[in-house]
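Here's the structure, in structure tokens; my notes come after.
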Amino acid sequence: MDNIEALLKERGLTKSAFSDLLGIKKQNLNGLMKNPTLETLKRFASVLRVDTWQLFVSPEEVSKEQGTGLRCPNCGAKLELKKTED
């Protein structure tokens, strides 16, 4: 879960502070980070205010993709965003 640790560092959060935000003990956080469930990953993403898929890429890859367009995290295809008139 190196990407989670990179996100914590980017946001200036320690594991202790992150565990406090999650409402769990730091020891439990270490265990959850070693073998997370999908629900745990969703909770991590929610607290970090990122999409779940962003836990699997480095912060540099996220900013790079956002600068040139978004790509599907499953297949890598470029996603085209279009603004529609209501």
Side-chain angles (χ1 to χ4, degrees):
M1 301 286 11
D2 292 338
N3 293 329
I4 292 175
E5 291 182 12
L7 284 167
L8 292 175
K9 185 176 181 180
E10 180 181 284
R11 286 165 172 68
L13 289 172
T14 63
K15 282 188 176 180
S16 294
F18 186 47
S19 64
D20 288 343
L21 291 172
L22 291 165
I24 60 174
K25 294 181 181 180
K26 184 180 175 187
Q27 297 88 335
N28 293 343
L29 175 62
N30 290 331
L32 290 173
M33 288 180 74
K34 287 181 184 177
N35 191 21
T37 63
L38 178 57
E39 289 305 313
T40 299
L41 291 170
K42 287 179 181 180
R43 193 168 167 205
F44 287 174
S46 175
V47 168
L48 292 170
R49 296 184 180 165
V50 297
D51 292 324
T52 305
W53 67 267
Q54 290 177 308
L55 300 177
F56 299 95
V57 296
S58 70
E60 294 81 22
E61 290 172 308
V62 172
S63 62
K64 178 181 168 186
E65 288 301 317
Q66 289 176 346
T68 61
L70 298 175
R71 295 195 175 270
C72 174
N74 294 320
C75 68
K78 187 173 181 180
L79 301 174
E80 296 294 328
L81 303 177
K82 296 179 183 179
K83 184 177 179 180
T84 60
E85 297 293 324
D86 291 332

Q) Hey, are Ser19 and Ser16 close enough side-chain-wise for a donor-acceptor pair under 3.5 Å? A) no
Q: Grab the two heavy atoms, one from Val50 and one from Arg11, that are nearest each other, plus how far apart they are.
A: CG1-NH2, 3.1 Å
Q. With side chains defined as the heavy atoms from C-beta onward, is the minimum distance between Asn3 and Leu55 less than 4.5 Å?
A. no
Q: Look up atom CG in Asp20 and atom NZ in Lys25, then write down how far apart they are to the nearest 0.5 Å.
A: 12.0 Å
Q: Taking salt bridge (charged side-chain N to carboxylate O under 4.0 Å, His left out) as the test, write out the residues that go with Lys15, two or more places apart.
A: Glu5
Q) Got a second to check how far Arg43's CZ is from Leu48's CG, nearest 0.5 Å? A) 12.0 Å
**Q.** Gap between atom CD of Gln27 and atom CG of Leu32 - 0.5 Å precision
**A.** 11.5 Å
Q.
Could you measure the distance from the CD1 atom of Ile24 to the OG1 atom of Thr40? Nearest 0.5 Å is fine.
A. 8.0 Å
Q: Mind checking the CG-NZ spacing from Leu29 to Lys34? Nearest 0.5 Å is all I need.
A: 11.0 Å
Q) At what distance, to the nearest 0.5 angstrom, does CG of Leu8 lie from OG1 of Thr14? A) 8.0 Å
Q. Does any non-hydrogen side-chain atom of Leu21 lie less than 4.5 Å from one of Phe44?
A. no
